Colleague: 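I'd like to ask you about the structure that follows.
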Amino acid sequence: MDITISLPDGSQKTLPQGSTALDAAKSIGAGLARAAFAAKINGHLCDITTPLTDGATLAIVTYKDKEGPKILRHTAAHILASAVKRLYPKAILEDGPATDTGFFYDIMLPEAVSPEAFPAIEAEMEKIVAEASPLVRKELSREEALALFDGRGERFKIETIESLGEDDVISIYEMGDFVDLCRGPHLQSTEGVKAIKIMNVAGAYRKGDATREQLVRFHAVAFPDKKLLKEYLTLLEEAKKRDHRRIGQDLDLFSFQDEAPGFPFFHAKGSILYNTLLAFMREELDKRDYTEIRTPMILNKDLWLRSGHWDHYRENMYFTEIDERDFAVKPMNCPGGLLVYKNGMHSYRELPIRAAEFGMVHRHEMSGVLHGLFRVRCFTQDDAHVFCTTDQLQAEVENIIDLVLHVYNTVGFKDVAIELSTRPANSIGSDEIWELATETLKKALEHHEIKYQLNPGDGAFYGPKIDFHVKDCLGRTWQCGTIQADFSMPERFDLTYVGDDGEKHRPVMIHRAIFGSIERFLGILIEHYAGNFPLWLAPVQVRVLSLSSDLLDTAADIAAQLKAAGLRVETDVRDEKIGAKIREAEMMKIPVMLIVGKKEAAEGKVSVRRHGKGDQGALTLAEAIATLKEESASRKQ
RNA sequence: GCUGAAGUGGCUCAGUUGGCAGAGCAGCGCAUUCGUAAUGCGCAGGUCGUGGGUUCGAGUCCCACCUUCAGCUCCA
């Protein structure tokens with residue numbers, strides 16, 4: 001008797017009874033069979049050697065599929081654990097999951113390990129790969145499993161088995177002399193893992209619980225071929241070169257001081273970047289009829305009680321006392337914005353009200369999570385609160401989506417991923433309101449014909465949200481913008497507007513940020529451009545280099561004309577050779593060098609050199625200024 | 001907050017078993033007046049993260065704290 005299965009392209013295939021997913025892959029093509037990591041049978045991920053049943057749907061999973069890398073990494077985790085067990089027989093294994101970039105394995109070791117031990121472990125892993133041991137799945141009864149791991153001294157595995165529910169299937173994977181409790185699926189054989197590298201070790205508590213045993217966590221990466229490992233290592237190196245903390249110091253953009261941990265200091269050049277970004281944003285807000293407000297940094301306890309922050313966000317807030325009354329430093333801008341709305345009566349004719357605020361917020365982040373500009377204790381949000389009627393919600397969201405995409409495009413992010421997050425478990429508000437809000441956000445996205453990913457249950461407790469992720473030039477993604485519909489705050493603060501019926505109505509509120517945190521966004525931009533900013537953003541746009549010291553006045557005059565044209569300019573008239581001056585300007589990543597020697601001075605010209613591009617030939621000063629002014633004003637990439 | 005590592009001129013780093021704190025770059029001065037990524041010579045610059053302790057003597061050994069880094073955790 002034959003069985004018939006359907007494939008992802010809708011076609012059907014007939015195979016002999018007892019065929020496995022691998023047999024199906026082979027019948028499609030030898031290449032696919034070789035590349036096959038696992039199978040998805042009726043949507044369920046399992047080993048490629050799993051037998052097929054009649055009528056099943058089958059998808060072959062390879063490295064290129066979403067699930068592929070994780071399967072390989074998981075198998076690599078078993079290889080790592082096996083190698084460590086061979087070298088340290090007393091090691092006790094905890095758990096070794098795959099992560100987004102690699103995998104780790106938490107292991108209790110009788111002795112400390114340092115990176116010096118990595119080569120030995122890696123050599124052992126290579127041996128295991130060379131042994132090409134098959135990974136064999138077995139399902140055991142609870143008693144069999146307990147006996148097996150007891151015999152191997154794996155007391156953590158025993159605890160894990162004991163914590164499993166009655167109905168859970170207990171499966172193990174054998175791999176040569178190694179065996180691990182594991183759900184799978186796995187590669188057929190260790191030889192599929194062509195490259196593994198241990199990246200570092202760090203301490204980690206069992207189950208992340210500080211009261212439990214301290215384990216060693218081996219972080220590692222794995223790839224199906226050595227070239228991919230090399231590419232990954234190159235990417236890491238490139239990321240390290242672009243580290244915004246390094247560039248921030250080299251280009252004198254910002255710093256951190258012991259006196260204020262987690263609170264960034266923006267230097268003169270960093271402030272230019274900051275202000276240039278804000279000026280651009282203000283220009284765009286003005287075009288879209290936003291108003292801008294400013295609310296205080298410190299507000300009293302009553303407000304935070306009313307907003308809910310006192311109950312839900314207190315651990316992250318800073319407090320102070322004024323005239324024996326409790327105050328808090330704002331961690332968010334919305335309560336202040338609500339007070340501004342509430343300050344007067346509003347007619348439906350005024351709506352929508354789009355109130356932007358570049359508000360500096362302070363949040364107490366734990367010391368261990370601080371990370372350059374990416375994670376700070378004080379930052380400025382490019383916040384805005386839109387108050388509108390339910391009918392206006394969709395148009396407002398569309399307007400914001402349009403703004404977000406335009407802003408990202410202009411600053412250099414062409415690739416933007418969007419997620420829609422819907423109602424979470426512990427939410428407030430009625431079903432109808434959630435339904436309406438979620439549908440409205442969906443419609444707004446569909447209006448833009450934008451592809452988005454749905455994250456069911458990932459919304460805020462007060463409303464659904466749209467999140468924007470930008471992809472930088474290394475392919476890393478960063479969550480920046482967010483649009484959140486909020487029916488809760490208007491309720492809590494009793495916001496109203498007077499409708500055309502003369503009655504009071506409740507407006508809807510939208511919270512929205514585009515950069516998110518300006519500080520963090522600057523960090524992302526610095527890494528994206530590796531400090532080589534486009535002209536419009538560069539802190540110093542032009543440096544005028546004199547060839548000899550008798551041209552000091554000429555250089556000063558050129559600089560004055562550039563400045564008068566609105567360009568940010570410096571001069572270098574030091575008694576140095578031109579090569580040295582060029583080198584320094586190049587290292588400071590200044591986009592344009594204008595070099596003036598006797599020849600140029602006589603003709604009223606400047607020799608133009610672009611950062612990273614070399615000599616561009618001579619132009620008259622007027623031509624050069626016109627070109628640069630246009631390039632800067634148009635925010636050219 | 002937890003685990004581990006680190007902290008020496010503005011920057012990058014050296015400093016042996018405890019025995020007079022060093023280099024390069026940057027800065028300043030002088031010479032040089034130079035054509036597209038480093039001109040030469042000289043000078044100055046440090047309470048070795050902070051506070052205790054051990055010692056005849058501490059950058060070095062011990063303790064506490066601060067900050068940073070890699071993770072964890074937390075937050076989304």
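In what follows, chains are A, B, ... by sequence order, proteins preceding strands, each numbered from 1. Computed from a predicted model, the values in this text were never measured in an experiment.
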Colleague: Return the 5'-most residue of the pair A/Leu370, A/Lys581 with respect to RNA chain B, ranking by each residue's nearest nucleotide.
Modeller: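 The 5'-side residue here is A/Lys581.
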Colleague: Could you let me know what B/U67 is paired to, Watson-Crick or G-U wobble, both distances under 3.5 Å, or none if it's on its own?
Modeller: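 Across all strands, the one nucleotide that pairs with B/U67 is B/A6.
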Colleague: Kindly indicate, with the supporting measurements, whether the criterion ring-ring contact (aromatic ring centres under 6.0 Å, His included) is fulfilled by A/Trp304 and A/Tyr313.
Modeller: CA-CA 9 Å; A/Trp304 302 110; A/Tyr313 206 69; 9.2 Å; no
Colleague: If I take atom CD1 in residue A/Ile107 and atom P in nucleotide B/C72, what distance separates them, rounded to the nearest angstrom?
Modeller: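 Whole-Å distance recorded here is 16 Å.
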Colleague: Apply salt bridge (charged side-chain N to carboxylate O under 4.0 Å, His left out) to A/Asp180 and A/Lys157, showing your working.
Modeller: CA-CA 8 Å; A/Asp180 199 357; A/Lys157 297 289 175 188; 2.8 Å; yes
Colleague: Find out whether the Lys NZ or Arg CZ of A/Arg217 is both under 6.0 angstrom from the six-membered ring centre of A/Phe104 and within 45° of the ring's axis.
Modeller: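 Checked: cation-pi criterion met.
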Colleague: Please give the nucleotide sitting opposite B/G45 as a Watson-Crick or G-U wobble pair, both distances under 3.5 Å, or none.
Modeller: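 Result: none.
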Colleague: Hunt down the Watson-Crick or G-U wobble partner of B/U17, both distances under 3.5 Å, from any strand shown, or write none.
Modeller: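 Answer to the pairing question: none, since B/U17 forms no Watson-Crick or G-U pair.
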Colleague: List the steps and the verdict of ring-ring contact (aromatic ring centres under 6.0 Å, His included) for A/His364 and A/Tyr318.
Modeller: CA-CA 7 Å; A/His364 180 71; A/Tyr318 296 108; 5.6 Å; yes
Colleague: Less than 4.0 angstrom between a side-chain N/O of A/His371 and OP1 or OP2 of B/A70, yes or no?
Modeller: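 Answer is yes, contact under 4.0 Å.
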Colleague: Work out how far the C1' atom of B/G59 is from that of B/U8, and round it to whole angstrom.
Modeller: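 It works out to 7 Å between them.
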Colleague: Across all strands, who's sitting opposite B/U55 as a Watson-Crick or G-U wobble pair, both distances under 3.5 Å?
Modeller: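 None - no nucleotide pairs with B/U55, as no candidate has both distances under 3.5 Å.
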Colleague: How close or far is atom P of B/C74 from atom CE of A/Met366, stated in whole angstroms?
Modeller: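 Whole-Å distance recorded here is 8 Å.
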Colleague: To the nearest Å, how far apart are A/Lys598 NZ and B/U36 C1'?
Modeller: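 A/Lys598 atom NZ is separated from B/U36 atom C1' by 16 Å.
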Colleague: Once rounded to the nearest 0.5 Å, what's the spacing between atom CZ of A/Arg610 and atom CG of A/Asp615?
Modeller: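 One finds 12.5 Å between CZ of A/Arg610 and CG of A/Asp615.
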Colleague: Work out how far the C1' atom of B/G22 is from that of B/C61, and round it to whole angstrom.
Modeller: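 Result for the C1' pair: 23 Å, nearest Å.
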Colleague: In whole angstrom, give the distance that lies between atom CG of A/Asp258 and atom C1' of B/G7.
Modeller: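 My rounded result for the distance is 9 Å.
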Colleague: Please report the distance, rounded to the nearest Å, between CE in A/Met593 and P in B/A38.
Modeller: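 It works out to 13 Å between those atoms.
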Colleague: Does B/C69 have OP1 or OP2 under 4.0 Å away from a side-chain N or O of A/Arg245?
Modeller: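 Yes, such a contact exists.
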Colleague: Choosing from B/U67, B/U36, B/C72, which nucleotide comes nearest the side chain of A/Ile582?
Modeller: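 My answer, after comparing the listed nucleotides, is B/U36.
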Colleague: Over how many whole Å does the gap from A/Arg543 atom CZ to B/U36 atom P extend?
Modeller: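 Atom-to-atom, A/Arg543 to B/U36, this comes out as 19 Å.
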Colleague: Can you tell me, in whole Å, how much space there is between the C1' of B/G27 and that of B/A5?
Modeller: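 It comes out at 33 Å once rounded to the nearest Å.
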Colleague: Quick one: pull up CZ in A/Phe265 and NE2 in A/His267 and give me the separation to the nearest 0.5 Å.
Modeller: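 A/Phe265 CZ to A/His267 NE2: 8.0 Å, rounded to 0.5 Å.
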Colleague: If you compare every side-chain N and O of A/Ser367 against the phosphate oxygens of B/G1 (OP1, OP2), does one of them come in below 4.0 Å?
Modeller: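 Yes.
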Colleague: Choose from B/U39, B/G35, B/C75 the nucleotide whose nearest atom is closest to any side-chain atom of A/Lys577.
Modeller: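 Given the options B/U39, B/G35, B/C75, the side chain of A/Lys577 is closest to B/U39.
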Colleague: I want to check something: taking the side chain as every heavy atom from C-beta on, are A/Lys598 and A/Leu547 in contact at a cut-off of under 4.5 Å?
Modeller: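 Not in contact.
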Colleague: Let's test this: given Watson-Crick or G-U wobble pairing with both distances under 3.5 Å, identify the partner of B/G1.
Modeller: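 Because both required distances fall under 3.5 Å, B/G1 counts as paired with B/C72.
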Colleague: Rounding to the closest angstrom, what is the interatomic distance between B/U50 and B/A58 at atom C1'?
Modeller: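 That atom pair is separated by 16 Å.
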Colleague: Identify the nucleotide, in any strand shown, that forms a Watson-Crick or G-U wobble pair with B/U39, with both distances under 3.5 Å; if there is none, say none.
Modeller: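 WC or wobble partner is B/A31.
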Colleague: Does A/Gln616 make a side-chain N or O approach to OP1 or OP2 of B/U36 shorter than 4.0 Å?
Modeller: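 Indeed not, no polar side-chain atom of A/Gln616 lies that close.
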Colleague: Taking a pair as Watson-Crick or G-U wobble with both distances under 3.5 Å, which nucleotide is matched to B/U12?
Modeller: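 Partner of B/U12: B/A23.
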Colleague: If I pick the P atom on B/C41 and the same atom on B/A23, what distance separates them, to the nearest angstrom?
Modeller: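 That atom pair is separated by 15 Å.
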Colleague: From the list B/C75, B/C72, B/G35, which nucleotide is the closest neighbour of the side chain of A/Arg375?
Modeller: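 Of the candidates, B/C75 comes closest.
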Colleague: Can you tell me how far C1' in B/G53 sits from the matching atom in B/U68, rounded to whole Å?
Modeller: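 Approximately 26 Å lies between the C1' atom of B/G53 and that of B/U68.
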Colleague: Identify which nucleotide among B/A38, B/G71, B/G35 has an atom closest to any side-chain atom of A/Arg583, counting heavy atoms from C-beta outward.
Modeller: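 Ranking B/A38, B/G71, B/G35 by closest atom to the A/Arg583 side chain puts B/A38 first.
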Colleague: The side chain of A/Ala580 is closest to which nucleotide in this list: B/A76, B/G35, B/U39?
Modeller: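 So the nucleotide nearest the side chain must be B/U39.
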Colleague: In whole angstroms, how far is the P atom of B/G71 from the CZ atom of A/Phe104?
Modeller: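 It works out to 12 Å between those atoms.
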Colleague: Students often get this wrong, so: under 4.0 angstrom with heavy atoms, is A/Gly368 touching a base, only sugar-phosphate, or nothing?
Modeller: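 Touches a base.
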Colleague: A/Pro261 side chain: which of B/U33, B/G35, B/U68 is closest?
Modeller: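 Looking only at side-chain atoms, A/Pro261 lies closest to B/U68.
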Colleague: Rounding to the closest angstrom, what is the interatomic distance between B/U54 and B/A64 at atom C1'?
Modeller: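 After rounding to an integer number of Å, I get 15 Å for this pair.
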Colleague: So, A/Gln257 and A/Ser255: side-chain donor and acceptor under 3.5 Å apart, yes or no?
Modeller: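 There is such a pair between these side chains.
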Colleague: Counting side-chain heavy atoms from CB outward, which of B/G1, B/G35, B/A37 is closest to A/Glu586?
Modeller: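 Between B/G1, B/G35, B/A37, the one nearest the side chain of A/Glu586 would be B/A37.
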Colleague: By nearest atom, which of the nucleotides B/C72, B/A76, B/U36 is closest to the A/Lys465 side chain?
Modeller: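 Among the listed nucleotides, the one closest to the side chain of A/Lys465 is B/A76.
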Colleague: Roughly, in whole Å, what's the span from NE2 in A/His267 to P in B/G10?
Modeller: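 After rounding, the gap between these two atoms is 14 Å.
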Colleague: Say we look at B/G49 and B/U60: how far apart would their P atoms be, to the nearest angstrom?
Modeller: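 It works out to 8 Å between them.
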Colleague: Assuming nearest nucleotide by heavy-atom distance, tell me which of A/Ile595 and A/Gln249 is located more 5' along RNA chain B.
Modeller: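 Between the two, 5'-proximity favours A/Gln249.
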Colleague: Should A/Arg246 be listed as having a side-chain N or O under 4.0 Å from OP1 or OP2 of B/U12?
Modeller: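 Yes, because at least one side-chain N or O of A/Arg246 sits under 4.0 Å from OP1 or OP2 of B/U12.
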